Structure formats: C-alpha cells, structure tokens
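A, B, ... follow the sequence lines: proteins, then strands. Residue 1 opens every chain. Everything quoted here is computed from the prediction, not taken from an experiment.
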Number of protein chains: 2
Amino acid sequence: MLEAKLNEAGMLKKLLDAIKELVTDANFECNEEGINLQAMDNSHVALVSVQLSQTGFKKYRCDRPMPLGVNIGSLTKVLKCAKDDDICTLKSADDADILNLVYEAKNTDRIAEYELKLMDIDSDSLGIPDTDYEARVVMSSSEFARIVRDLSQLGESVRIEVSKEGVRFASDGEAANGNVLLKGKGPIGKVSSGPVNNSQGEGSGDGEEEDVKPEVVEVDEGEEDEDSDKKKKASNKTKVKKEKTDGDVDMEDGGDEEDEDDGEPEVEKDDEEEDEDEEAGDSKKRKKKANGTSKPAKKSKTSKGKGKRKDDDEEEEATDSVVIEMNSHVSLTFSLKYLVNFSKTASLHNRVQLYMSNEVPLLVSYDFGPGFVRYYLAPKIGDD
Amino acid sequence: MLEAKLNEAGMLKKLLDAIKELVTDANFECNEEGINLQAMDNSHVALVSVQLSQTGFKKYRCDRPMPLGVNIGSLTKVLKCAKDDDICTLKSADDADILNLVYEAKNTDRIAEYELKLMDIDSDSLGIPDTDYEARVVMSSSEFARIVRDLSQLGESVRIEVSKEGVRFASDGEAANGNVLLKGKGPIGKVSSGPVNNSQGEGSGDGEEEDVKPEVVEVDEGEEDEDSDKKKKASNKTKVKKEKTDGDVDMEDGGDEEDEDDGEPEVEKDDEEEDEDEEAGDSKKRKKKANGTSKPAKKSKTSKGKGKRKDDDEEEEATDSVVIEMNSHVSLTFSLKYLVNFSKTASLHNRVQLYMSNEVPLLVSYDFGPGFVRYYLAPKIGDD
DNA sequence: CGCCACAGTT
DNA sequence: AACTGTGGCG
C-alpha cells in the first residue's frame with residue numbers, strides 16, 4: 001500500500017512536464033525510501049532517472065516495494081486537473097491496477113479524486129552510468145536552457161569543452177557557427193564530488209556543496225551551512241539506491257553508499273523540503289548557501305530581472321554564478337535535441353549540474369531538495 | 001576591417017525583426033559613416049532603407065567601405081542567441097566571408113561568439129525616391145500599426161488622404177468599409193522638411209520642429225530644422241543620396257540626383273547639439289566630420305535624445321500627438337499588406353512619419369536616434 | 001492572491 | 001505571427 005502526500009502538486013506537474021517528451025511510459029518504483037523512476041527515452045538514446053525521497057513528502061508510507069506502471073501522458077493529463085498549490089496524495093493498494101490521486105485545495109473544501117489506470121511495464125533494468133567525472137559544471141538551469149536552445153538553431157550537435165578557460169558550448173551549422181563561453185566564478189578547482197548516484201542529498205541545493213573533499217578548491221561555493229550537515233545526513237540515508245538492485249550498468253559507482261542507514265521511517269514530515277533553504281534567518285551562519293533548493297529561491301530568470309527580493313547578493317550569485325570544477329580537460333559532443341529536452345527541467349530547479357568525462361555519457365543533474373531528475377546522454381562518437 | 005560595438009543587442013534584434021519579412025538577403029554596406037542597408041522586398045514592390053550612423057555605436061571602426069552580404073533569416077537566428085541587453089560587437093575582416101558577432105553579457109562572464117557566413121549579393125542598385133513631398137504626417141508608430149492592422153481586416157488596400165481636415169485612412173471591403181480620421185494637433189502647416197534622405201537628422205524626432213533655417217539647412221542634420229520654406233530647398237540638398245551611385249530605382253522622380261555629392265559645401269554644421277555620444281564637448285567637431293564627408297548627413301542622432309531644441313516637450317506629447325503638414329491635398333491608395341509589414345518597425349521607435357505626394361511612392365520613416373528605417377511603397381494606380 | 005509582462009511554443 | 005504558460009511584481 002502506497003500513500004504519499006505532497007504539499008504541492010505543482011512539483012509533480014513540473015516533474016512530469018520535464019520528462020514527458022522523453023518518456024511515454026514508465027514504472028514509478030515505490031519503496032520505503034521514496035519513489036524512483038528510470039527509463040530510456042523512446043529512442044533509447046538517453047536515460048532518465050528521477051528520485052523523490054520520502055523526505056520530500058508531507059507524509060509517506062509504502063509498506064513494500066511496488067512498481068506503478070504509468071503512462072506519462074495520462075498522468076500528465078490527470079495532474080493538469082490539480083492546481084499547483086493543491087496538496088496531492090498518491091495512493092495505490094498493493095495489487096491494484098489503479099493509482100489514486102487526491103487533490104485537496106489548501107484553503108477550501110474542494111477535494112478532487114482521480115483514478116489513473118496502471119499498466120504493466122517491463123522494468124527495463126537500467127543501469128546507471130556511475131563514474132567519477134573529470135569535470136563538473138554548476139550553473140543556472142535557465143542559462144543552460146538558453147544556451148542549448150540558442151545553439152540548436154545553428155546545428156544539430158554541440159561540443160561541450162571544459163578547460164582552464166571555463167566551459168565552452170560550441171555548435172557549427174550551415175549558416176553560422178557559434179559558441180558560448182562561461183568563465184565560471186572563481187578559480188577552477190578539482191571536481192569535488194560525484195553525483196552520488198542513487199541517493200540524493202548531494203548537491204541538491206545547487207551543487208555547491210562540497211564539503212568534503214579536502215583538497216578541493218572549490219570552496220566558495222559553498223557552502224552551506226548547516227544545512228549541509230543536515231542534508232548530508234539526509235542524503236546519506238537517502239542514498240541508498242534502490243536501483244542498485246537491478247544491477248548496475250556499466251558504470252560502477254563509487255561508494256557513497258556506506259551510509260545507508262537511513263532507515264528512517266519518518267513518515268510524517270512537515271515540509272521539510274523547503275527548509276533547506278530557508279535560512280534567511282540563519283544566514284549568518286554560512287552565507288553562502290545557495291538557496292536554491294526548492295521554492296524559495298526561485299528567481300530564475302537571470303537577466304533582467306535581477307532585483308530579487310532576497311537581496312543578498314549571494315542569492316544572486318548563487319542563482320546565476322557558474323562553478324566549474326575540472327580534473328582534466330574534457331571535450332565531448334552531444335545531440336542538442338536531447339539537451340534541449342533535458343533543459344526543460346529548469347522549471348523544477350534553478351540550478352543544473354553537468355558532469356562529464358571524455359567518452360562517457362554526460363550526466364545532467366537537477367538536484368532539488370527532496371530528490372533529483374537526472375539525464376544521461378552518450379556523447380557522439382568521433383567527437384573531438 | 002569592421003568593428004562595431006552596440007550597447008544593446010536588442011536594437012539590432014528589433015531592426016531585423018522589422019525587416020525580415022520583407023527582405024531575405026541584403027548587403028550591409030559598411031563605411032566610416034556607419035552601416036546602411038537597402039533592399040527591395042522579395043516581390044520588388046517596396047524598398048527598405050536602413051541607416052545606422054556610427055554615432056549610434058559604442059565603438060565603431062570601419063577602415064574602408066565593405067558590403068556584407070547577409071541572409072537576413074540567418075542573421076535573425078544568430079541574433080536570437082543574444083539577450084536584449086548584451087553588448088553586441090560586429091566584426092569582419094576586410095576580405096572575410098564571415099561576420100563575427102560577439103555577445104557579452106553585461107553582468108556575467110558569459111561571452112558568446114557567432115560566425116555568420118556571408119554571401120555575395122548583387123547590389124541591386126537601388127535608388128531612393130527622393131522628392132519634396134506634399135504632405136507629411138507624424139504620428140505614434142503604434143497607432144499607425146493599429147490602424148493599418150485594423151483596416152487590413154476589411155480590405156486589401158487603404159486610401160490615405162491628407163486634407164485640411166486631417167489625415168484619413170480608409171478601406172473598403174466586402175463586408176464592411178471603414179475609415180480612421182486623425183485630426184492632427186494644431187493647425188496644419190506646410191510641409192516643413194523632406195526626409196533628408198541618406199542622412200538622418202531630419203525630423204526624426206518628430207516632426208514638429210520648424211525652425212527656420214535660411215537656406216541651407218541641410219547640413220546639419222541634426223537638426224531638425226525643418227523649416228518649411230526652406231525646407232524645400234533643404235530637402236533638395238539633403239536628398240543627395242549615396243545610393244545614388246548605383247542607379248536609381250524605378251521610382252525616381254526627379255531630379256534629386258544632381259546633388260549627389262551633396263554638394264553642399266557646408267561641411268560644418270554648426271550646432272549640433274546632439275551629438276551624443278562622444279564627448280560632449282567636442283561634439284561639434286566630430287560631428288562635422290561626419291557630415292563633412294561625402295555623405296553629409298549621416299549622423300545625426302537625435303534620438304533618444306530627442307534633444308532637439310524645440311521639441312523636448314513636444315517629444316513627449318509627441319508620442320501620441322499627430323502632426324500634419326500639407327502643401328496640397330493628397331490622396332493615394334496602398335496595399336495594406338505592405339503597410340502592415342512596415343508597421344512592425346514600431347518596436348524600434350514610437351514615432352513614424354509618412355511622406356506623401358500624389359502618384360509618388362509613400363515614404364514611411366522611423367527615425368530613431370542613430371539611424372532610421374525607411375520604407376518606400378508605390379501607390380496603387382488608379383488611386384484617386 | 002491577482003495582475004502584468006516576458007518568453008517559449010505551436 | 002499569435003497564443004499559452006510561466007515568472008515577477010504589486
């Protein structure tokens with residue numbers, strides 16, 4: 001029996017919007033840790049991995065693992081019937097072939113219930129490419145979206161190159177060639193941390209965290225503060241990967257797992273998710289946090305709009321700054337079509353992380369508070 | 001070698017948006033005075049003339065005249081990759097077959113470079129119909145857009161009539177007929193000045209000015225002097241058109257040519273208050289230079305500034321007021337399709353000037369600070 | 001919470 | 001080129 005209550009139906013709507021063009025049907029794998037989804041895109045070129053930790057729910061209960069086979073298009077339609085700020089509860093009996101969605105308006109007595117028919121979907125066992133990447137770029141998700149969209153006008157593919165100079169996105173086309181160079185903020189340090197596959201804490205905030213690695217230069221970013229700690233714990237717990245069970249793919253992961261103890265049965269949480277960022281008050285502690293996690297930071301639009309409420313500059317920089325970490329020079333070429341698709345996930349979170357190593361699939365990760373949406377895309381061969 | 005730096009890429013984007021439906025390929029003629037473009041629309045019915053004075057650039061350098069053959073659609077795509085407030089630099093080596101566009105974000109480290117492939121385009125030698133018009137209307141560009149858009153729903157063509165009553169736009173259609181009368185502000189005076197082809201000062205601001213210059217007004221473009229009486233003369237002078245060299249188009253009317261070189265010896269213009277950019281102090285000097293050269297008029301810039309003398313306030317009101325000048329009654333009929341197209345230029349400037357004489361092409365002029373966009377459209381024959 | 005503006009998509 | 005959706009501001 002699954003019963004998962006989300007504080008904001010909007011999050012789920014955005015999540016589905018982000019992946020619906022890539023995936024038509026997928027299993028929502030529910031277990032006590034949360035809900036996960038993995039699928040290859042329709043042409044089997046890209047892999048999508050979504051994780052929603054139980055900590056991201058206002059209430060979460062899942063007695064035993066159950067895969068819910070869902071047609072993404074149908075679920076999207078049903079979710080359109082929810083207002084963004086409705087409280088959304090997902091329910092499904094152990095062997096039912098339907099998923100029940102209940103929308104409760106926060107300030108009224110409206111309660112809507114929908115039943116989505118489930119389907120049996122072969123669990124494609126997917127492996128997640130897990131590697132230690134040679135380069136990591138953390139940037140505004142809307143800027144990333146803008147860049148790949150712009151370049152997609154010129155050509156079919158983009159070469160992404162990380163060097164001491166920064167990160168360069170370049171595309172050649174019939175009528176014009178173009179490239180965008182992001183210099184990055186601060187010195188370029190070593191890659192501080194991997195994506196922590198299968199778990200989520202990670203840079204969810206915005207990647208800036210890196211508490212860990214000693215030598216790492218990266219410093220600035222972040223940090224974050226207490227949150228981080230908290231996060232970390234949380235993340236550790238969460239990191240247990242369920243996917244793991246299926247079998248990994250080609251890539252091995254490094255061990256983040258060790259902390260698996262999560263175990264927390266925390267069933268009721270009240271919105272934690274947000275808390276991460278919240279700090280306005282505690283900012284004193286560490287300023288830097290990018291608050292980016294979920295909603296608060298929202299600002300996204302970089303450009304013109306600068307004046308945010310927050311006022312702190314950090315915010316600003318957090319949202320717009322580009323952080324580049326690199327162990328060695330990388331240069332890979334990808335299909336812009338997919339990157340453009342991935343970049344729609346910008347509505348979920350204002351920061352995106354790109355992890356790259358030569359000849360290895362690119363990982364595009366949107367880590368928001370209680371989970372992540374990650375995309376893996378193999379480079380074009382012959383890329384330079 | 002060309003190197004032209006614009007403070008706001010948005011201006012160029014708007015400019016291209018304005019003409020891209022009319023023209024597919026065109027030569028951007030660059031010389032020390034600035035950049036000019038002239039082209040017939042794809043069906044050779046309308047003529048577009050764009051002038052960007054070097055004074056409109058943050059930085060401008062063009063060692064020797066060079067025509068850059070551009071596919072407008074491609075350039076539009078490349079410009080889409082710029083944010084409106086990016087600093088945009090156009091560069092091209094002397095014999096290169098590419099135009100380099102560099103976009104620098106004002107507040108970040110993003111630098112994007114695009115290379116647009118150039119093409120050889122026959123300079124259609126275009127002549128600019130240069131006449132002393134019998135009527136001139138200055139009005140809000142958005143109002144003009146609205147009127148022609150509205151009337152285009154009724155019929156295919158519009159009769160524009162300037163009389164003592166004001167200016168009337170009338171269209172007859174299958175289902176309905178309609179007409180819009182603009183009475184104009186103040187008494188209707190004589191036409192104060194011609195469009196000063198090839199140069200821009202002119203009424204760019206908006207027409208209302210009329211100071212009188214004794215005779216030669218021309219020189220300064222800047223100004224707006226437009227005095228009526230003189231204007232005639234003046235206009236003649238000003239009319240010198242550089243394009244001329246190519247050959248005139250069909251529309252030429254009469255002799256304007258003779259002045260080609262602008263004969264006016266007045267090289268120096270005196271006052272130019274405007275000169276904006278540069279150092280204010282020496283503005284005068286440089287100014288002259290601009291005109292001094294061959295194409296005299298070029299510069300001007302009233303622009304944003306409006307600073308003309310008289311107009312300051314007028315400018316303001318100018319935005320909505322309609323100014324009508326008429327030497328004799330005119331009535332011409334035009335295809336609304338083209339006027340609707342021309343009216344998209346409203347995004348570049350909030351005032352538009354219509355110059356008309358019976359049986360002569362209409363001139364629709366958007367004179368903004370550092371340049372202008374002008375359209376010439378032959379009347380339908382049989383117009384009344 | 002509602003309204004307005006800007007951007008992206010069709 | 002127009003419409004819809006999203007984001008920001010009041």
When rounded to whole Å, the CG to C1' distance for the pair A:D17 and D:dT4 reads 13 Å

Ignoring hydrogens and angles, state whether a donor on the side chain of B:R374 or B:S365 is under 3.5 Å from an acceptor on the partner side chain. yes

Starting at atom CG of B:D84, determine the distance to atom P of C:dA5, rounded to an integer number of angstrom. 17 Å

I'd like a list of close polar pairs between nucleotides 8-10 of chain C and the protein, N/O only, cut-off under 3.5 Å.
residue: C:dG8; atom: OP1; partner: A:R149; partner atom: NH1; Å: 2.6
residue: C:dG8; atom: OP1; partner: A:R149; partner atom: NH2; Å: 3.2

Name each donor-acceptor pair under 3.5 Å that joins a side chain in residues 74-83 of chain A to protein atoms two or more places apart or in another chain, with its distance.
residue: A:S74; atom: OG; partner: A:N71; partner atom: OD1; Å: 3.1
residue: A:T76; atom: OG1; partner: A:I72; partner atom: O; Å: 2.7

How many angstroms lie between atom OG1 of A:T333 and atom CG of A:L362, to the nearest 0.5 angstrom? 11.5 Å

Applying side chain to side chain donor-acceptor pair (under 3.5 Å), name anything that partners B:K13, two or more places apart in sequence or on another chain. B:D84

With sequence neighbours excluded, what pairs up with B:Y375 under the ring-ring contact (aromatic ring centres under 6.0 Å, His included) test? B:F342

Check nucleotides 1-4 of chain C against the protein and report each pair of N or O atoms closer than 3.5 Å, with its distance, or say if there are none.
residue: C:dC1; atom: OP1; partner: A:N107; partner atom: ND2; Å: 3.3

For A:S141 and A:N350, indicate whether the former's side chain and the latter's backbone hold a donor-acceptor pair under 3.5 Å. yes

Qualifying residues under ring-ring contact (aromatic ring centres under 6.0 Å, His included), relative to B:Y114, sequence neighbours excluded: B:Y103

A:K58 with A:E8: basic N within carboxylate O range, under 4.0 Å: no

Value in whole Å for how far the P atom of D:dT6 lies from CD of A:E8: 15 Å

